[in-house]
Amino acid sequence: MAEKYDVTIFGATGFTGKLILDEVIKTAPKTSFPEQKPIRVAIAGRSREKLEQLVAGLPTTGEGAGNIQVDVIVADAQDEGSMRDMCRVSKVVIAAAGPFRFMGEAVVKACIQEGAHYVDITGEPEFFEGMVLKYHEQAKKEQVSIVHVCGFDSIPADMGVLYTKRQLEKNHNALPSTIEMFFKLHIAGNSGFGGHFATYASAVHGFGSAGLLRQLRKTANRPQIPKVGPSLIVNPKPHWVSKVAAYTIPFFFADPSVIRLSQQLVLQDKDLQSSQSPPVQFSAYICIPTFKALAMAIFASTAFGLLAKYEAGRRFLLKHPRLFTLGTFSHDGPTKQQLAETSFSETFYAQGYSKELRDKHPNPEDLRRVQPDVSLVTSVSGPEPGYVATPKMVVQAAYTLLKQKNKVPNGVLTPAVAFARTDLIDRLQEQGIIFSTVVKN
């Protein structure tokens, strides 16, 4: 049997798939892999012609150019045999073809059947929570790691919460209680923020399937996350928050779902508990700098949410991405200038209980009536989140599976559960995704 490909990128001819391939070409020559052999890379998708055109158009000069051979695999999510053939010759599959609710399960299933590990860039809770429910035990049995949300959704938040909890424990011997996350998008120039239609389409279908997600969670019947200390108050209304100098609205993307799922996975699976910190109460907000921007965001999100409930409304939304995102999302995607001028930060405000206070109140119920006495502020920051940081994150997640699989549990997992014992955070730091402690108290 021919030697397997170290990394296969499924969906490589898509907008983000091409960026992921570029990232592999740039970083693989500088990365040491087991047995010190050159990395073997393949790209996969439905159209051989498009795949071969992509390979033919790869740069011959510049960082990493010419150092890696890229092979082509024809694989169609609608053809189970082709998917299994792809996974059979792959060590790690990077799934970049979405919307994942339509394209994702075929890849997950084939990876488990053929023993290939998997990372993806989904941000669709209905998809990844469904995969946990359906395939977690089977993946464990086959000794396969399926790791969802390894892009901006949701490595910064999920690994950021893990990092923050560990900083509380390390610096103060504190028991974590609550973490509030505030997300900011930073625009350095006048070009604005841009997004690609594929990302927008996933959001449309995600908002439209909220009822299905509620039913899925009811079926899964996952454990309640225990509370340490008083209940964290979540403000669902737009409001000004002085400590971040911005208006805020609840974070309506995948991160809260991922943080909750990470903690539930650990609670329900004893095999995952040894490397994890105690659960925390978590809330997340999006920061909006001006009242005008806040009003525009409320108008757009309200219209978006109402239309996404209905099939005809979803068709209308998909037909007019620029209209309903105030010009942000398009089939063209962001310009190079937009990517260069955009960055992100997520700030985590954490509280916990010192050992001294826990000794005074050894009964967990007593802590419910006592305010935390330890606070900490941490940050995760990096370049443009969707199309610069995301390829960096998912590629480093794939490399971590290749290099440290012995430290990654088997099953269908989130990043914090999968990579808790690995050096992924250090690897991300080297790529400009910075984890730091801002304020200690």
**Request:** Can you see which heavy atom on Leu413 is nearest to which on Leu265, and at what distance?
**Result:** CA-CD1, 4.2 Å
**Prompt:** Is the cationic atom of Arg101 (NZ for Lys, CZ for Arg) positioned less than 6.0 Å from the six-membered ring centroid of Phe127 and within 45 degrees of its normal?
**Reply:** no
**Message:** Looking only at the aromatic ring of each residue, does the gap between the centers of Phe435 and Phe348 stay below 6.0 angstrom?
**Reply:** no
**Gln404 side chain to Asn406 side chain, donor-acceptor N/O pair below 3.5 angstrom** = no
**Message:** Is it the case that the side chains of Gln281 and Thr178 hold a donor-acceptor pair, with the cut-off being a distance below 3.5 Å and no angle test?
**Reply:** no
**Asked** Should Glu137 and Lys141 count as an ion pair when the cut-off is N to O under 4.0 Å?
**Response** no
**Message:** Looking only at the aromatic ring of each residue, does the gap between the centers of Tyr118 and His148 stay below 6.0 angstrom?
**Reply:** yes
**Prompt:** Taking all atoms of both residues into account, what is the closest heavy-atom pair of Gly352 and Pro372, and its distance?
**Reply:** O-CB, 3.2 Å
**Message:** Can you tell me how far apart CD (Glu114) and NZ (Lys4) are? Round to the nearest 0.5 Å.
**Reply:** 8.0 Å
**Asked** What's the shortest heavy-atom distance between Thr122 and Val149, and which atoms?
**Response** O-CG1, 3.2 Å
**Request:** Decide whether a cation-pi geometry holds between Lys243 and Tyr349; the criteria are a distance under 6.0 Å from NZ or CZ to the six-membered ring centre and an angle within 45° of the ring axis.
**Result:** yes
**Request:** Would you name the heavy atoms of Pro176 and Ala174 that are closest together and state the gap between them?
**Result:** CD-O, 3.4 Å
**Prompt:** Do Phe316 and Phe324 have ring centroids that are under 6.0 Å from one another?
**Reply:** yes
**Spacing of CG belonging to Leu175 relative to OG belonging to Ser277, to within rounding of 0.5 Å** = 10.0 Å
**Asked** If you look only at pairs with a residue in residues 420-433, which of them pass as a side chain to side chain donor-acceptor pair (under 3.5 Å), with sequence neighbours excluded?
**Response** Gln396-Arg427
**Prompt:** Is it true that Arg40 and Asp6 have a side-chain N and a carboxylate O under 4.0 angstrom from each other?
**Reply:** no
**Heavy-atom pair with the smallest gap, counting every atom of Phe15 and Pro334** = CZ-CD, 3.6 Å
Donor-acceptor contacts under 3.5 Å from residues 387-394 side chains, at least two apart:
{"from": "Tyr387", "atom 1": "OH", "to": "His196", "atom 2": "N", "distance (Å)": "2.7"}
{"from": "Tyr387", "atom 1": "OH", "to": "Thr199", "atom 2": "OG1", "distance (Å)": "2.9"}
{"from": "Thr390", "atom 1": "OG1", "to": "Phe152", "atom 2": "N", "distance (Å)": "2.9"}
{"from": "Thr390", "atom 1": "OG1", "to": "Pro385", "atom 2": "O", "distance (Å)": "2.8"}
{"from": "Thr390", "atom 1": "OG1", "to": "Gly386", "atom 2": "O", "distance (Å)": "3.4"}

**Non-neighbouring partners of Phe253 that pass ring-ring contact (aromatic ring centres under 6.0 Å, His included), sequence neighbours left out** = Phe251
**Request:** Answer yes or no: is there an ion pair linking Glu105 with Lys134, defined by an N-O contact shorter than 4.0 Å?
**Result:** yes
**Request:** Would you please classify the geometry between the Tyr285 ring and the Phe182 ring as parallel, tilted or perpendicular, with 30° and 60° separating the classes?
**Result:** parallel
